[in-house]
Enquirer: 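Mind looking over this structure? Questions follow.
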Amino acid sequence: MAGFCYLLGLLLLAASIPFHAAKRFRDVANHGGAAASAFRHQDRLQGWSPDQNIWNEKLYPVWREGDSRWKSCWKGGQVRAILTSDSPALVGSNITFVVSLVFPRCQKEVESGDIVYDQSCKNDTASSSDSYVYNWTMEERDWGKCPNRSTHHVFPDGKPFPCHPGWKKKNFVYIFHTLGQYFPKLGRSSAAVSINTANMPLGPQLMEVNVYRRGHKTYVPVASTRDIYTITDEIPVFVNMSQKNDRNSSDDIFIKDLPILFDVHLHDPSHFLNTSAIHYKWKFGDNSGLFVSSSAVFNHTYTLNGSFILNLTVQAAVPGPCPGPSPSPPTPTSPHFIVSTVNSSYAAIPLPPGAGLQDWRRDAPDGSCQIIRYGHFTASLTIVEGILEVNIIQMTNIQKSMSQTEDSAVDFVVTCQGNTLTDVCTVISDPTCQWPQNTVCDPVEVNDQCLLTIRRAFRENGMYCVNLTLGNEASLALTSTLVSISGKAPGSPSRAGAGILVSIGALVIFTVVLTFFVYKRYKEFKLIESCPGKVGKNNGLDVSFHKKKTVFFPANNEKDPLLKREPGIV
């Protein structure tokens with residue numbers, strides 16, 4: 001009996017050796033590293049499989065890093081795989097991963113899915129008689145109408161390729177692996193996978209991808225890549241701040257007494273928050289109070305110099321499933337905030353005294369529940385004096401004497417409000433203000449009244465657009481005007497000569513017109529001359545006909561040309 005039990009143990013041990021020796025997905029994805037932590041069944045990603053499944057190493061060989069076979073796995077060089085994602089992702093939203101293959105120089109993928117040499121690329125390989133790097137189209141006779149388990153058109157776990165239109169043109173197999181689970185996918189030179197993050201743990205995670213190309217009866221590794229992504233329960237918030245006359249909006253230094261525009265952007269590439277009620281709570285750190293708005297655009301004006309801490313809290317009420325019954329925590333008390341109403345275009349919502357953000361929650365009309373998510377943004381702003389406004393109050397043309405040949409010049413009298421300026425730049429453009437022709441910048445010194453005269457020269461006559469930019473270390477202020485340059489001063493020889501030429505030309509035109517009308521008047525009538533010897537035999541008949549016509553059809557001869565002749569002309 002003891003011998004039988006010993007033999008049975010040996011048989012069981014022998015049967016278990018292949019099972020333990022077989023390679024699994026987690027062994028391939030982790031490259032022999034530590035196995036991923038176990039996951040609970042409820043944390044399974046939809047459509048993904050556990051990485052304890054067996055990997056078919058005969059059909060999908062596994063190469064370690066540094067293996068010499070990587071250098072010859074692709075004709076003409078090595079292929080690189082680039083993995084990107086739209087991380088960070090708010091829990092409950094979708095996160096998308098995209099893998100793109102970068103082929104060696106002068107190689108590209110065509111519509112059929114084959115890899116060819118780019119004939120327009122200057123390379124020795126491009127002139128090869130064989131234009132194909134990999135011609136998988138020639139092997140389509142082996143593919144059949146639809147893949148099945150009896151062929152080699154399966155994933156490493158034995159599942160057949162999906163049978164959908166165009167699957168034959170996808171000659172790469174991508175194996176995505178994260179959180180102890182994997183997802184195989186057919187693709188061309190790129191592949192994308194989207195995952196819902198509802199069951200994913202918070203914090204940074206690792207995504208790994210192995211890429212295989214199709215061979216004749218097996219698949220060959222061509223590239224592998226990995227990237228870190230993040231799942232968060234806070235809404236990623238970014239704020240663009242801009243202000244008129246601000247010289248550099250990226251330094252967080254702004255001008256006093258000018259409104260600052262705050263434009264809020266929520267990182268939500270999967271549009272998870274599209275159906276959410278979103279509110280924005282602003283505290284600008286200048287004792288102006290609390291502002292609550294439903295608009296992502298807001299403005300605020302600081303009236304004091306100094307440093308201020310901006311705090312923005314974003315709250316989104318996301319429709320979601322109702323949780324199970326649980327004891328409700330006590331409502332925390334919040335301090336009484338001073339709430340100010342703002343312009344109606346910002347849809348401000350005043351909070352009642354003693355109310356906090358947790359009280360914004362509303363019951364949905366259909367009885368469903370809402371999940372409240374928050375996002376925060378903080379910035380330190382510096383408020384300084386700056387140039388608030390610039391105006392041109394006078395323009396004067398500089399009159400030139402008859403002996404002067406310099407360019408025409410104009411004096412611009414400029415006044416400004418706010419801090420004193422340190423430099424001025426003039427840009428002279430065409431009348432549309434789109435094509436600059438000349439730019440001049442000069443340092444200036446002005447008094448506290450900020451009154452300045454700027455002289456600028458113009459080489460040719462015409463209409464010009466003049467932009468005057470006054471600035472200092474923190475601000476820039478711009479004003480524009482149109483200037484008409486009409487030439488030299490009145491009384492100059494060139495202008496007198498031009499007047500004489502115009503007068504002579506007008507006189508010549510008048511003489512020609514008068515001569516034409518006189519000639520036309522006297523050319524209209526010509527004397528009838530008798531030519532002896534040319535009297536026709538029908539003249540008698542003509543005279544008789546005219547006499548009879550006069551009797552029956554008396555004519556009005558007031559318009560007869562003969563009446564206009566002078567007496568005595570026949």
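FYI, side chains are in, hydrogens and waters are out, and symmetry mates aren't considered; it's all heavy atoms of this structure. Residue numbers run from 1 in the order of the sequence given.
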Enquirer: Does atom CD of E473 have more than 12 heavy-atom neighbours, drawn from other residues, nucleotides or ligands, at distances under 6.0 Å?
Expert: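 No, the 6.0 Å shell around CD holds no more than 12 heavy atoms from other groups.
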Enquirer: Would you compute the distance between atom CD1 of I392 and atom CG of L468 and round it to the nearest 0.5 angstrom?
Expert: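 Output value for this atom pair is 4.5 Å.
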Enquirer: With sequence neighbours left out, what residues match S93 under side-chain hydrogen bond (donor to acceptor under 3.5 Å, both in side chains)?
Expert: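 With neighbours one apart ignored, the set is empty.
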Enquirer: With distance as the sole test, does T197 use its side chain to make a donor-acceptor pair with the main-chain N or O of G92 at under 3.5 Å?
Expert: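 Side chain of T197 to backbone of G92, a donor-acceptor pair under 3.5 Å: yes, one is there.
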Enquirer: Excluding sequence neighbours, so at least two apart, what forms ring pair (Phe, Tyr, Trp, His ring centres under 6.0 Å) with Y302?
Expert: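 Residues passing ring pair (Phe, Tyr, Trp, His ring centres under 6.0 Å) with Y302: H300, F308.
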Enquirer: Find out whether C450 and L421 are in side-chain contact, i.e. whether some heavy atom of one side chain is under 4.5 Å from a heavy atom of the other.
Expert: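 C450 reaches L421 side chain to side chain.
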Enquirer: Please report the shortest heavy-atom distance between L388 and G418, naming the atom on each side.
Expert: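 Heavy atoms of L388 and G418 come nearest at CG-CA, 4.1 Å.
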Enquirer: Please examine the side chains of V99 and F176, heavy atoms only from C-beta on, and report whether any two atoms are closer than 4.5 Å.
Expert: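 Yes - at least one pair of side-chain heavy atoms lies under 4.5 Å apart.
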Enquirer: In the structure I gave you, are the side-chain heavy atoms of P156 and I175 within less than 4.5 Å of one another anywhere?
Expert: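 In short, these two side chains touch, coming nearer than 4.5 Å.
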Enquirer: Could you go through S484 and L482, starting from their C-alpha distance and side-chain angles, then the distance that decides it, and tell me whether this counts as side-chain contact (heavy atoms from CB on, under 4.5 Å)?
Expert: CA-CA 7 Å; S484 177; L482 291 176; over 6 Å; no
Enquirer: Given H177 and V28, is the side-chain contact (heavy atoms from CB on, under 4.5 Å) satisfied, shown in steps?
Expert: CA-CA 10 Å; H177 179 266; V28 177; over 6 Å; no
Enquirer: Checking ring-ring contact (aromatic ring centres under 6.0 Å, His included) for the pair F155/Y182: CA distance, chi angles, key distance, verdict?
Expert: CA-CA 11 Å; F155 291 117; Y182 71 90; 9.2 Å; no
Enquirer: Taking the side chain from R188 and the backbone from V110, do they hold a donor-acceptor pair closer than 3.5 Å?
Expert: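 Checked: pair present.
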Enquirer: Please list, chain by chain and in numerical order, all residues satisfying salt bridge (charged side-chain N to carboxylate O under 4.0 Å, His left out) with D442, sequence neighbours excluded.
Expert: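 Listed in chain order: R456.
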Enquirer: Going by the rule salt bridge (charged side-chain N to carboxylate O under 4.0 Å, His left out), which residues pair with D411 if we only count those two or more places apart in sequence or in a different chain?
Expert: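 If we apply the salt bridge (charged side-chain N to carboxylate O under 4.0 Å, His left out) test to D411, skipping adjacent residues, the hits are R455.
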Enquirer: To the closest 0.5 Å, what do you measure between CG (D251) and OG1 (T382)?
Expert: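 Spacing of CG (D251) from OG1 (T382) equals 8.0 Å.
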Enquirer: Within the structure provided, determine whether V410 and I485 are in side-chain contact (heavy-atom separation under 4.5 Å).
Expert: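 V410 reaches I485 side chain to side chain.
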Enquirer: So, using side-chain hydrogen bond (donor to acceptor under 3.5 Å, both in side chains) as the criterion, who are the partners of D227 when residues are at least two apart?
Expert: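 By the side-chain hydrogen bond (donor to acceptor under 3.5 Å, both in side chains) rule, D227 matches no residue at all.
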Enquirer: Between A316 and I235, what is the shortest heavy-atom contact and its length?
Expert: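 Closest approach of A316 to I235: CB-CD1, 3.7 Å.
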Enquirer: For E460, give me all partners under side-chain contact (heavy atoms from CB on, under 4.5 Å), at least two apart in sequence or on another chain.
Expert: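 So E460 forms a side-chain contact (heavy atoms from CB on, under 4.5 Å) with Y464.
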Enquirer: For the residue pair F97 and Y174, is the inter-centroid distance of their aromatic rings smaller than 6.0 Å?
Expert: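 No, the ring of F97 stays outside the 6.0 Å limit from the ring of Y174, centre to centre.
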Enquirer: What distance do L206 atom CG and I228 atom CD1 have between them, rounded to the nearest 0.5 Å?
Expert: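 Between atom CG of L206 and atom CD1 of I228 there are 4.5 Å.
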Enquirer: What are the two closest heavy atoms between A477 and N245, and how far apart are they?
Expert: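 For A477 versus N245, the nearest heavy atoms are CA-OD1, 3.7 Å.
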Enquirer: Test side-chain contact (heavy atoms from CB on, under 4.5 Å) on T469 and V427 and set out the steps.
Expert: CA-CA 8 Å; T469 302; V427 180; 5.8 Å; no
Enquirer: Run the side-chain contact (heavy atoms from CB on, under 4.5 Å) test against T178 and tell me which residues pass, sequence neighbours left out.
Expert: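 T178: side-chain contact (heavy atoms from CB on, under 4.5 Å) contacts with L45, W48, M207, Y229.
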Enquirer: Is D430 reaching over with its side chain to a backbone N or O of W435, donor-acceptor style, under 3.5 angstrom?
Expert: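 Flag set: sc D430 to bb W435 pair under 3.5 Å.
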Enquirer: Do any N or O atoms from the side chain of T422 and from the backbone of G471 form a donor-acceptor pair under 3.5 angstrom?
Expert: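 Yes, T422 side chain to G471 backbone: donor-acceptor pair under 3.5 Å.
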Enquirer: May I ask you to decide if K108's main-chain N or O and D118's side chain share a donor-acceptor pair within less than 3.5 Å?
Expert: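 No, D118 side chain to K108 backbone: no donor-acceptor pair under 3.5 Å.
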Enquirer: Kindly compute the distance separating CD1 (I195) from CD1 (I95), expressed to the nearest 0.5 Å.
Expert: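 If we round to the nearest 0.5 Å, I195:CD1 and I95:CD1 are 7.0 Å apart.
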Enquirer: Kindly compute the distance separating CE (M241) from OG (S250), expressed to the nearest 0.5 Å.
Expert: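 Going from CE on M241 over to OG on S250, the span is 10.0 Å.
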Enquirer: Side-chain contact test, heavy atoms from C-beta onward, threshold under 4.5 Å: evaluate it for L186 versus P162 and give yes or no.
Expert: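 The answer is yes, as the side chains (C-beta and beyond) meet within the 4.5 Å cut-off.
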Enquirer: For the pair S276 (side chain) and I278 (backbone), establish whether a donor and an acceptor sit closer than 3.5 Å, ignoring hydrogens and angles.
Expert: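 No; zero donor-acceptor contacts below 3.5 Å.
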Enquirer: Measuring only between side-chain heavy atoms, which start at C-beta, is L258 closer than 4.5 Å to T301?
Expert: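 Of all side-chain heavy-atom pairs linking T301 with L258, none is under 4.5 Å.
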Enquirer: Can you find a pair of side-chain heavy atoms, one from I309 and one from T378, that are under 4.5 Å apart?
Expert: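 Yes, their side chains come closer than 4.5 Å.
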Enquirer: Whether the side chain of Q107 engages the backbone of I115 through a donor-acceptor N/O pair (distance < 3.5 Å, no angle test) should be reported.
Expert: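 Here the side-chain-to-backbone pair does not exist.
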Enquirer: I want to check something: taking the side chain as every heavy atom from C-beta on, are V237 and L266 in contact at a cut-off of under 4.5 Å?
Expert: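 Yes. Closest side-chain heavy atoms under 4.5 Å.
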Enquirer: Verify side-chain contact (heavy atoms from CB on, under 4.5 Å) between V133 and V116, making sure each step is shown before the conclusion.
Expert: CA-CA 5 Å; V133 182; V116 302; 5.7 Å; no
Enquirer: Looking only at heavy atoms, which two atoms of W70 and P221 are closest? And how far apart?
Expert: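 For W70 and P221, the tightest heavy-atom pair comes out as CH2-CB, 3.7 Å.
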Enquirer: Under the side-chain contact (heavy atoms from CB on, under 4.5 Å) rule, collect the residues that match up with Q46, sequence neighbours excluded.
Expert: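 Q46: no side-chain contact (heavy atoms from CB on, under 4.5 Å) contacts found.
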Enquirer: Should the ring pair W74 and F103 be called parallel, tilted or perpendicular, given that the plane angle runs from 0 to 90° and is split at 30 and 60?
Expert: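 If you compare the ring of W74 with that of F103, the planes turn out parallel.
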Enquirer: Between the side chain of R24 and the main-chain N/O of Q52, is any donor-acceptor distance below 3.5 Å?
Expert: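 Confirmed, R24 side chain pairs with Q52 backbone.
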Enquirer: Search all heavy atoms of R226 against all heavy atoms of E65 and return the closest pair with its distance.
Expert: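 In this case the closest contact between R226 and E65 is NH2-OE2, 3.9 Å.
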Enquirer: Using the rule given for ring-ring contact (aromatic ring centres under 6.0 Å, His included), can you reason through Y280 versus W282, listing the C-alpha separation, both sets of side-chain angles and the distance that settles it, and then say yes or no?
Expert: CA-CA 6 Å; Y280 307 86; W282 298 90; 7.1 Å; no
Enquirer: For the backbone of L290 and the side chain of K281, can you confirm whether one donor and one acceptor N or O come within less than 3.5 Å of each other?
Expert: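 No; zero donor-acceptor contacts below 3.5 Å.
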Enquirer: How close do S475 and I255 get, counting heavy atoms only, and between which atoms?
Expert: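 In this case the closest contact between S475 and I255 is CB-CD1, 3.2 Å.
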Enquirer: Go through the structure and list residues passing salt bridge (charged side-chain N to carboxylate O under 4.0 Å, His left out) with D252, not counting sequence neighbours.
Expert: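 If we apply the salt bridge (charged side-chain N to carboxylate O under 4.0 Å, His left out) test to D252, skipping adjacent residues, there are no hits.
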Enquirer: Between the main-chain N or O of I393 and the side-chain N or O of N391, is there a donor-acceptor pair closer than 3.5 Å?
Expert: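 Side chain of N391 to backbone of I393, a donor-acceptor pair under 3.5 Å: no, none is there.
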Enquirer: Output all residues satisfying salt bridge (charged side-chain N to carboxylate O under 4.0 Å, His left out) with K256, sequence neighbours left out; order by chain, then residue number.
Expert: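 Salt bridge (charged side-chain N to carboxylate O under 4.0 Å, His left out) check on K256 returns E385.
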Enquirer: Hey, what do you get for CZ (R247) to CZ (F254), rounding to the nearest 0.5 Å?
Expert: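 Atom-to-atom, R247:CZ and F254:CZ are 15.5 Å apart.
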Enquirer: Restricting to pairs with a member in residues 84-98, which pass salt bridge (charged side-chain N to carboxylate O under 4.0 Å, His left out), not counting sequence neighbours?
Expert: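 As it turns out, there is no salt bridge (charged side-chain N to carboxylate O under 4.0 Å, His left out) pair with a partner in residues 84-98 once direct neighbours are skipped.
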Enquirer: Could you list the residues that satisfy ring pair (Phe, Tyr, Trp, His ring centres under 6.0 Å) with F412, not counting sequence neighbours?
Expert: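 Here no residue qualifies.
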